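Below you'll find the structure, written out as structure tokens, and then a few comments.
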There are 2 protein chains.
Amino acid sequence: MRRLLELQQKLVPDLTQVLRERYMLLRSIYHLQPIGRRGLAQAMNTTERILRAEVELLKETGLLTVTAAGMHLSGEGQQVLDDMEPLVGELFGLTDLAEGLQKKLGIPEVIVVQGDADQSPWVKEELGRVGARVLKQVVQEGDIVAVTGGTSIASVAKHLTPSASFKNVQFVPARGGLGERVELQANSLAAAMAEKTGATYRLLHVPDRLHPEALQTLLKEPQVQDVLSLLRDTRIVLHGIGDALTMARRRNYSEEELAELVEAGAVSESFGYYFNEAGEIVHRMPTIGLQLEEVHKAETVLSIAGGESKAKAILSFAKQSCQNVLITDEGAARALLSTRL
Amino acid sequence: MRRLLELQQKLVPDLTQVLRERYMLLRSIYHLQPIGRRGLAQAMNTTERILRAEVELLKETGLLTVTAAGMHLSGEGQQVLDDMEPLVGELFGLTDLAEGLQKKLGIPEVIVVQGDADQSPWVKEELGRVGARVLKQVVQEGDIVAVTGGTSIASVAKHLTPSASFKNVQFVPARGGLGERVELQANSLAAAMAEKTGATYRLLHVPDRLHPEALQTLLKEPQVQDVLSLLRDTRIVLHGIGDALTMARRRNYSEEELAELVEAGAVSESFGYYFNEAGEIVHRMPTIGLQLEEVHKAETVLSIAGGESKAKAILSFAKQSCQNVLITDEGAARALLSTRL
DNA sequence: TTGATCGGGACATTTTTTGTCCCTGTGTAT
DNA sequence: ATACACAGGGACAAAAAATGTCCCGATCAA
């Protein structure tokens, strides 16, 4: 199959390009439906007219239906999109990117989805979709799955579906309150995932920014103890990787604190830990939950992060070399590969 | 792979068509090189201008080189052409045609090449190329290969290459003089094939149109006896199939004789035998050589015939049901399948 | 040396693509 | 119930691309 695509690339380069574009179009529609011409044109940054021609063609082929509310993929369109999945890697050269990252970062499995989360919002959706698929594959009955917060993980939650694989699985938030928006907090996501899959969940009720004394008190609570003991048996960790400063700002760090972080050389964040370029911990959020040692002990650590802007952070966290699977996007992958170690 | 082509068909309907055209173009150049724009345009019946655009594109891709003498395939172009071989069947639906013929004619293996020998001269070259490939595959050390005359078999001879497989192989003309042009006679082709492959050959020196008495005398000749005994051990028969009247005319039959043939319902010719629609012998050339019974006894009978005009003849000869492999072209195949038995 | 054929340049003409604007209907939030 | 925003589709001029046609000097073969 790879051979066929290579041949086509040589013999009909322009049409192969068209194939790529049509795929992207189909996928955009899938993620944005129902969507109108103008909105879609903006999302894919082309002009309205040019998109219109494409849409008309796909409509004639029967891959999408057009209603007054906007465009939808038809059943067949959905089918085609699904069928294309195994092709996409080759078509966009993502297989090569994945292999490159695998070697460079020393991560056993790397999956690269097409696009750049910084540029197209629905790439995050793709990351989530793929993340959900992978999670479903690796999860086993009775597993404890620790999840962090963040938009990428939220996207995974969104795309999870009920499955027999999730029998007796418990979703547990990896860390207590980290000062994010509710819908992006680990607690909410653990709950959402459990709800989507038919599994159960536990919560870590820890207010943001506790004083050390208060933390100690809280630690003695049976509920908290309970969750912490579960976390020690975590088999799967599902986490996002953030850019250090972005995360700190989102968590309302003061200017002083930000300056300290910069001073310390923090570039990435995950589980409430901040890492420098070398992958060393330079700061940690004052909260309770999954410890980094426990992450290292987990059988499967699934990292999800995309967008060119995340490249440095991904590289930094990879130095921890605790990951089994990295799911990222083309933008981040290209940026990573063009950085020398 | 088939699935991939179907997918592409849905997403980029033009793609397969263009791919087909480019393939045909590449192949035409291969067979006609060096060839100029105008000549090529005529051969492929398109206009010069439209071909020019194609050529420029392929030139940029590096698949062909352009000299003052005309266009040539580059090494890469040659490579692409070779690599496409396994695709061609699916791309042109030839696999389906071949399967259809296999069922309809009851021949174990049918290979259909793209094109119509009646319309494009180089399709005959393709038949020859494929024929040569197949022969190389089936031939074994020490084999006796009986060959007939005709343009198709001449084309096979042209495309044969030296190979270890042809060790101790003897090429033997299937029948003595059949009144054709020298370069198409069985004798010449046997010699040519032997020369190309590094094998040996024998000749049947029998003048055209002998009187029965003379034939009897000739049969007693040791040389002739020798060859005839070899023919009885033939393991591989490589033969063309002709249209009865065309062959008769080529052999300078008189008007009366032609009328007789028509009367008898002759439609096909091979080995000097003329067959009617039902596959029954209605006439035989007065010469010596391979007998039909011996053809039936041979392990491998490789028939080669192409062009829509040959369809009836192929069907007629197939009634003999002595063939193992039929190599034909799209034109003949389509015509055959649209005829009911 | 001659004559046919080569690739490439040039250009008018046709066809296709693209940009732009407007219209009417429908879903949705107020 | 009523705006209002956004949906798709029609229309058409402008721009761009494809195509038909002719010519030219170079080059190869007879």
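Letters A, B, ... mirror the listed sequences (proteins, then strands); counts begin at 1. Because the structure is a prediction, the values reported are computed rather than measured.
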Verify whether one side chain among T151(A) and K124(A) offers a donor that lies under 3.5 Å from an acceptor in the other. yes

Pair R27(A) + E125(A): basic N to acidic O under 4.0 Å: no

Where does the angle between the aromatic ring planes of H159(B) and H31(B) fall among parallel (under 30°), tilted (30 to 60°) and perpendicular (over 60°)? perpendicular

salt_bridge(R3(B), D83(A)) N-O dist < 4.0 Å: yes

For Q119(A) and E308(A), does a side-chain donor sit closer than 3.5 Å to a side-chain acceptor? no

Salt bridge between K59(B) and E54(B), side-chain N to carboxylate O under 4.0 Å? no

Terminal helix-axis angle for the helix from dT1(C)-dA30(D) to dT30(C)-dA1(D), with five pairs defining each axis and rounding to 10 degrees: 40°

Does E76(B) pair with K10(A) as a salt bridge, N-O distance under 4.0 Å? yes

Evaluate the criterion side-chain contact (heavy atoms from CB on, under 4.5 Å) for residue pair V134(B) and V130(B); output intermediate values, then yes/no. CA-CA 6 Å; V134(B) 173; V130(B) 175; 4.2 Å; yes

Among dC22(D), dG20(D), dG9(D), which nucleotide has an atom closest to any side-chain atom of R38(A)? dG9(D)

The residue, A68(A) or T47(A), whose nearest nucleotide of DNA chain C is more 5′ is T47(A)

How long is the straight-line distance from CZ of R129(A) back to CG of L160(A), given to the nearest 0.5 Å? 12.5 Å

Write down the distance between CD (E48(A)) and P (dG8(D)), rounded to a whole number of angstrom. 9 Å

Can you tell me the distance, in whole Å, between the CZ atom of R52(A) and the C1' atom of dG10(D)? 7 Å

Using a heavy-atom cut-off of under 4.0 Å over every strand shown, decide if L51(B) touches base, sugar-phosphate, or nothing. nothing

Q9(B) side chain to T16(B) side chain, donor-acceptor N/O pair below 3.5 angstrom: yes

Here's a test of your reading of the structure: between R37(B) and I50(B), which maps to the more 5' nucleotide of DNA chain D? I50(B)

Among residues 69-80 of chain A, which contact DNA chain D at a heavy-atom distance under 4.0 Å? A69(A), G70(A), M71(A)

In this structure, how many angstroms lie between the P atom of dC28(D) and the CD1 atom of I35(B), rounded? 16 Å

Going 5' to 3' along DNA chain C, which are the first and last nucleotides with any atom under 4.0 Å from a heavy atom of chain B? dC6(C) to dA10(C)

Expressed as a whole number of angstroms, how long is the span from E54(A):CD to dG8(D):C1'? 17 Å

dA14(D) P sits how many Å from R49(A) CZ, rounded? 16 Å

Answer yes or no: is there a donor N or O on one side and an acceptor on the other, between the side chain of T67(B) and the main chain of A69(B), under 3.5 Å? yes

